[in-house]
There are 2 protein chains.
Amino acid sequence: MRRDVFQAIADPTRRAIINMIAHQPLNVNTVTENFDVSRTAVYKHIKILTECGLIEIKQQGRERFCEAKLQKLNEVSDWVEQYRQFWKARLDSLDIYLKEAQSKKDAKPTKGKGARR
Amino acid sequence: MRRDVFQAIADPTRRAIINMIAHQPLNVNTVTENFDVSRTAVYKHIKILTECGLIEIKQQGRERFCEAKLQKLNEVSDWVEQYRQFWKARLDSLDIYLKEAQSKKDAKPTKGKGARR
DNA sequence: TAATTTTGTAACCAAAAGGTTGCATATTTT
DNA sequence: AAAATATGCAACCTTTTGGTTACAAAATTA
């Protein structure tokens, strides 16, 4: 059971849930009202979000309020930002690379790498 | 068949592929060499990444070079950043501050200048 | 030309994901 | 106490996902 934040935000319903409770904590039924699927389905999404740390559930009487813990999105942010330099700096890098590869190949042909397995 | 960038980066193997080719385009076999799964499995991941626009494949002879198109990560970046205010605004107590400092320390031990070409 | 290398893809499989209904339990409300 | 409300969860189902093997085709090498 993989429970990381990348997998958690992959589902559009879960992203919508995050959006709902980012502004204010809501109980399970209130969250459910905004979706076409059953309460159980929404509950499962909430559970997944809880398990990866994106939300926290606090009991209040018979209700459970879901509160967003968006610090966890830092994991995603950090992963994405490490690549920003690449999409800013590199334009048309393949052509450059292929030219280099071609001249290397001319000078010193590569040996076969062998088939896997 | 949902093919959005959030779903694409949910899989750890696909994130690893992105990381490999972010620095330079590689052909399919070279990408495969770094994983324990079959070439076909890797190829499927590459196809998914292509279908959502995160990479592009360019033929050169019998090889296909996979080039990262990381601009697409802007979709993820934008989605995450819209919530930054929420998790920044709530850093008001000492223990939250300390917790965040600790996770930063754990998450990115090397914060150097980054790759340079 | 024949063999090798690199890739694309079909057919198939097991496990995970996302959904449902139904029921049990704890808390209000009446 | 009885009814209503809010939730947790088991059991089950279907589709998707991630993987495999096997084979075909194109390009390169010997």
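This structure is a prediction, so every number in the text was calculated from the model and none was measured. For the numbers below, each heavy atom of this structure counts, side chains included, while hydrogens, waters and symmetry mates do not.
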Sorted by chain and residue number, the side chain to side chain contact (heavy atoms under 4.5 Å, CB included) partners of A/Ala16 (sequence neighbours excluded) come out as A/Phe35

Of A/Thr13 and A/Arg64, the one whose closest nucleotide on DNA chain C sits nearer the 5' end is A/Thr13

Salt bridge (Lys or Arg N to Asp or Glu O under 4.0 Å): pairs with one or both residues in residues 73-83 of chain B, sequence neighbours excluded: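 Non-adjacent pairs meeting salt bridge (Lys or Arg N to Asp or Glu O under 4.0 Å): B/Lys72-B/Glu75, B/Glu81-B/Arg84.
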
Selection residues 39-85 of chain A - residue pairs positive for ring pair (Phe, Tyr, Trp, His ring centres under 6.0 Å), sequence neighbours left out: A/Phe6-A/Trp79, A/Trp79-A/Tyr83

Just how far is it from atom CD1 of B/Ile48 to atom CG of B/Leu54, taken to the nearest 0.5 Å? 11.5 Å

Establish, with yes or no, whether the OP1 or OP2 oxygen of C/dA17 is under 4.0 angstrom from a side-chain nitrogen or oxygen of A/Gln7. yes

Side-chain N or O of B/Asn29 less than 4.0 angstrom from OP1 or OP2 on C/dT7?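 For C/dT7, OP1/OP2 do have a side-chain N/O of B/Asn29 under 4.0 Å.
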
Considering only nitrogen or oxygen atoms on both sides, find all protein atoms under 3.5 Å from nucleotides 28-30 of chain C and state each distance.
none

Where the side chain of A/Arg15 meets the backbone of A/Ile9, is there a donor-acceptor pair that is under 3.5 Å apart?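 Looks like yes, one N/O pair under 3.5 Å.
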
Among residues 34-45 of chain A, which residues get a heavy atom nearer than 4.0 Å to DNA chain D?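 Listed by number, they are A/Arg39, A/Thr40, A/Tyr43, A/Lys44.
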
Between A/Asn29 and A/Thr32, a side-chain donor and acceptor under 3.5 Å: no

All salt bridge (charged side-chain N to carboxylate O under 4.0 Å, His left out) counterparts of A/Lys47, not counting sequence neighbours: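 Expected list: none.
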
List the steps and the verdict of side chain to side chain contact (heavy atoms under 4.5 Å, CB included) for B/Ile46 and B/Cys66. CA-CA 8 Å; B/Ile46 288 175; B/Cys66 307; 3.8 Å; yes

